[in-house]
Peer 1: 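Let me give you the structure first, and then I'll get to my questions.
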Amino acid sequence: MAQVTESAGPDAAEFPLHVLREYALIADGERGILVGPRGDFVWMCTPGWDSEAVFSALIGGEGMYAVTPAQTPFVWGGSYEDGTLIWHSRWVTTSQVVECRDALAFPGDPHTARVLRRIQAIDGDTQVRVVLDPRAGLGRYKMSRLHRRGEIWTARCGPLYLRWTGAPEAAARPEGGLQAFITVPAGQHRDLVLEISDQPISDEGPDPGQAWAATAAAWAQAVPAISGTVADRDARNAYTVLQGLTSRGGGMVAGATTSLPERAEEGRNYDYRYAWIRDQCYTGQAVAACGPYPLLDDAVRFVTERVLADGPNLKPAYTVTGGPVPDERSLDLKGYPGGADKVGNWVNQQFQLDAFGEALMLLAAAGRHDRIGSEHWRAVETTVAAILQRGQEPDAGIWELDNQRWAHSRLSCVAGLRAIAALAPHAQGAKWSRLADQILADTAADCLHPTGRWQRAPGDDRVDAALLFPAIRGAVPADDPRTLATLAAVIDELGQDGYMYRFRQDDGPLEQAEGAFLLCGFTTSLALHQQGHEVEANRWFERNRAAAGSPGLLAEEYDIAQRQMRGNLPQAFVHALLLETAHRLARPWPGTQPLHHP
């Protein structure tokens, strides 16, 4: 197995870090866990997504919870139960097959994480090694006040309360924590339940069988059956991932992790454990393309609340509970190899104009499903007023760079205004359409390249893959010469081997500056489909969905040369665009007829 080699904790040699494609995610909406190929939990923040980690080996911290075969050597595999984030690790040794079923009890409790692990003896008597060594506060706190009563272990871990059932034979180990060798007779199973809470755990604890049944039933209710797309299984998996990243308040984290490098030793490592307005809108629009499913309502609720609360001062991102994103700071950890450890995000200081346009597009998508009311229309009016007030200001843009009058930001507002105007009363809709026309004319005056395509900003004549969105979202027609010229330039200048880069950062080869951006690859597929180029559109779709790791998760970027994922995992907006593209490719673009090529 490919692996990277450096970590800080006492278990680093036995449980080394791996490339990102080999990690699975289990999540309950309130937090998530990355599970490695040795059954090792390398990342978990609790009680919430942006809390300090209790298992942080992924970025050079400490903490371990592993269920791994006692017999070596073994090779690893695994899969999700369909429509769930219930993960089955499967190891093949030289003499038998070993399985462990992992999940966070779903839906999650905001205060208490309940981790379910079921060791299954499917191939004769099965022995596994179990290590439990949580280290709260990103490794600062070991377990203390450890006590066993019958089958129940209790402990403290810094500010957190722990309870662990199912391993009464466990014993303390010199490195810290507990260890057990558990033998499960053929055809039977052993349940382990770990509870971690920021409050005292006073009840008697869940019955494992009931907890498993409730979790499976909740996933069945939360994730709809998705059919009629060009990739039903991957589309449903994408919806499931998005559901797992979405809290009960509707806020969805952009990614489950922090500080995973986009490029080794380049300093581009960010904390994505927050809810970006843009990403939330992308998800809502993707879900709306498939149907009026619950994640659409979640996105609408969260974005509406933030718009009504902050108006023209809308932030690009919030915590999933709607709070402010903390300032970026470094940690005293080694980081994932090639990266640097960071928490918080400097996006809290930015203004991103396109978020207003995306909010209008989201509300319009919900409106087409008859899922908005008076409160949402107040959010629409607040958003339009914000565009009027701040539409001429430079902003950080979709790629969160320096402040300029980005073409994409303004054209996103055009698309949003046109989308919501189509649902508004005639007089109001006409007013908003005129405003869209004015912004479009303003953008064309200073962001139209001499070749006829859109350029990034008045002082930046480069092409940008984000400039495919305006036509896809209806800011300009699909047959507008600017649309056609932009699509041709994006594919010619930024496409490579079926993958798409955001923009050209320098004169060197594209792949030396950063990885291909999977969001842009799916966007290219949509743009080609809008033009009726079905074969090409499906080629781009298939190429980019193939960038997933073994568990089917997608990161933000893909290194074409090394065929490896880069950046935080999983990345929500990539799964959102996969979901939308899979749906749209299965039918003609609205209002167009497909072109037929000889």
Side-chain angles (χ1 to χ4, degrees), residues 1-26 33-44 53-78 87-100 102 115 117 119 126-136 138-143 146 153 155 157 162 164 166-167 169-184 190 192 194 257 260 333-339 341 549-551 569:
M1 266 181 280
Q3 64 186 48
V4 290
T5 59
E6 187 177 14
S7 182
D11 298 294
E14 191 173 1
F15 296 97
L17 293 180
H18 287 251
V19 292
L20 296 181
R21 66 182 302 110
E22 295 186 348
Y23 287 103
L25 172 79
I26 59 175
I33 300 171
L34 255 60
V35 186
R38 288 174 168 80
D40 49 327
F41 289 1
V42 298
W43 183 251
M44 178 190 184
V54 69
F55 304 124
S56 56
L58 187 68
I59 61 170
E62 299 184 7
M64 174 64 60
Y65 186 18
V67 174
T68 194
Q71 179 184 353
T72 58
F74 57 80
V75 294
W76 162 86
W87 174 253
H88 286 250
S89 286
R90 180 180 175 91
W91 302 280
V92 181
T93 74
T94 55
S95 62
Q96 68 174 162
V97 175
V98 180
E99 286 197 356
C100 184
D102 291 335
V115 185
R117 309 197 79 168
I119 304 155
T126 296
Q127 187 179 58
V128 298
R129 178 180 172 223
V130 180
V131 176
L132 176 64
D133 186 12
R135 303 288 180 96
L138 289 158
R140 295 196 306 275
Y141 305 107
K142 296 183 178 182
M143 279 199 298
L146 187 62
W153 291 93
C157 193
L162 276 68
W164 191 40
E169 64 269 59
R173 62 182 195 144
E175 305 93 327
L178 296 167
Q179 177 176 276
F181 285 89
I182 295 176
T183 299
V184 182
R190 172 83 74 92
L192 305 174
L194 172 65
T257 57
L260 300 186
L333 298 176
K334 293 182 179 180
Y336 186 85
D341 54 311
S550 300
L569 179 77

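All values reported here derive from a predicted model rather than from experimental measurement. The chain is numbered in sequence order, starting from 1.
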Peer 1: Does Ser56 reach the main-chain N or O of Glu62 with its side chain, forming a donor-acceptor pair under 3.5 Å?
Peer 2: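 Confirmed, Ser56 side chain pairs with Glu62 backbone.
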Peer 1: Any non-hydrogen side-chain atom of Pro134 less than 4.5 Å from a side-chain atom of Leu132?
Peer 2: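 They are in side-chain contact.
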Peer 1: Should the ring pair Phe41 and Tyr65 be called parallel, tilted or perpendicular, given that the plane angle runs from 0 to 90° and is split at 30 and 60?
Peer 2: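 Rings of Phe41 and Tyr65: perpendicular, as their planes differ by over 60°.
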Peer 1: Looking at Thr68 and Arg38, would you say the former's side chain and the latter's main chain have a donor-acceptor pair under 3.5 Å?
Peer 2: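 Yes: the side chain of Thr68 pairs with the backbone of Arg38.
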Peer 1: What's the separation between atom CD1 in Ile59 and atom CG in Leu17, rounded to the nearest 0.5 Å?
Peer 2: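 Separation between the atoms: 10.5 Å.
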Peer 1: Verify side-chain contact (heavy atoms from CB on, under 4.5 Å) between Leu192 and Ile182, making sure each step is shown before the conclusion.
Peer 2: CA-CA 11 Å; Leu192 305 174; Ile182 295 176; 4.2 Å; yes
Peer 1: Output, in order, the C-alpha distance, side-chain angles, deciding distance and verdict of side-chain contact (heavy atoms from CB on, under 4.5 Å) for Arg135 and Arg140.
Peer 2: CA-CA 6 Å; Arg135 303 288 180 96; Arg140 295 196 306 275; over 6 Å; no
Peer 1: How far does CD1 of Ile119 sit from CD of Gln127, to the nearest 0.5 angstrom?
Peer 2: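 If we round to the nearest 0.5 Å, Ile119:CD1 and Gln127:CD are 10.5 Å apart.
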Peer 1: Let's go through Met44 and Val115 carefully: what are the C-alpha distance in whole Å and the side-chain angles of both, what is the deciding distance for side-chain contact (heavy atoms from CB on, under 4.5 Å) to 0.1 Å, and is it a yes or a no?
Peer 2: CA-CA 11 Å; Met44 178 190 184; Val115 185; 4.3 Å; yes
Peer 1: Taking the basic N atoms (NZ, or NE/NH1/NH2) and the acidic carboxylate oxygens, is any pair closer than 4.0 Å for Arg173 and Glu14?
Peer 2: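 So Arg173 does not pair with Glu14 through a salt bridge.
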Peer 1: Only one of Val128, Ile26, Leu194, Val67 forms a side-chain contact (heavy atoms from CB on, under 4.5 Å) with Arg117, so which one is it?
Peer 2: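 Of all the options given, the one that passes is Val67.
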Peer 1: What pair of heavy atoms forms the shortest contact from Cys157 to Leu162, and how long is it?
Peer 2: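 Taking every non-hydrogen atom into account, CB-CD1, 3.6 Å.
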Peer 1: Do Leu58 and Leu260 have side chains that get closer than 4.5 Å, going by heavy atoms?
Peer 2: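 Counting from C-beta outward, Leu58 and Leu260 do come under 4.5 Å.
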Peer 1: Please name the pair of heavy atoms, one in Thr94 and one in Gln71, separated by the smallest distance, quoted to 0.1 Å.
Peer 2: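 Closest approach of Thr94 to Gln71, heavy atoms only: OG1-NE2, 3.0 Å.
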Peer 1: Taking the side chain as every heavy atom from C-beta outward, state whether Phe55 and Trp43 have any pair of such atoms under 4.5 Å apart.
Peer 2: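 No, too far: nothing below the 4.5 Å cut-off.
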Peer 1: Do the non-hydrogen side-chain atoms of Thr72 and Thr93 ever get within less than 4.5 Å of each other?
Peer 2: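 No, every pair of side-chain atoms sits at 4.5 Å or beyond.
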Peer 1: Please report the closest heavy-atom contact between Gly78 and Trp87, naming both atoms and the distance.
Peer 2: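 For Gly78 versus Trp87, the nearest heavy atoms are C-CH2, 3.3 Å.
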Peer 1: Answer yes or no: is there a donor N or O on one side and an acceptor on the other, between the side chain of Trp153 and the main chain of Ala167, under 3.5 Å?
Peer 2: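 Looks like yes, one N/O pair under 3.5 Å.
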Peer 1: Are any non-hydrogen side-chain atoms of Met143 and Leu178 less than 4.5 angstrom apart?
Peer 2: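 Yes, at least one pair of side-chain atoms sits under 4.5 Å.
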Peer 1: Hey, does the side chain of Arg129 reach the backbone of Gln179 with a donor-acceptor pair shorter than 3.5 angstrom?
Peer 2: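 Pair absent, no side-chain N/O of Arg129 close to backbone of Gln179.
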Peer 1: On a heavy-atom basis, which atom in Pro37 and which in Trp91 lie closest, and how many Å separate them?
Peer 2: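 For Pro37 and Trp91, the tightest heavy-atom pair comes out as O-NE1, 2.9 Å.
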Peer 1: Would a distance-only check, ignoring hydrogens and angles, find a side-chain to backbone donor-acceptor pair under 3.5 Å from Tyr23 to His18?
Peer 2: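 Yes.
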Peer 1: Determine, stepwise, if the pair Asp40 / Val35 fulfils side-chain contact (heavy atoms from CB on, under 4.5 Å).
Peer 2: CA-CA 6 Å; Asp40 49 327; Val35 186; 5.8 Å; no
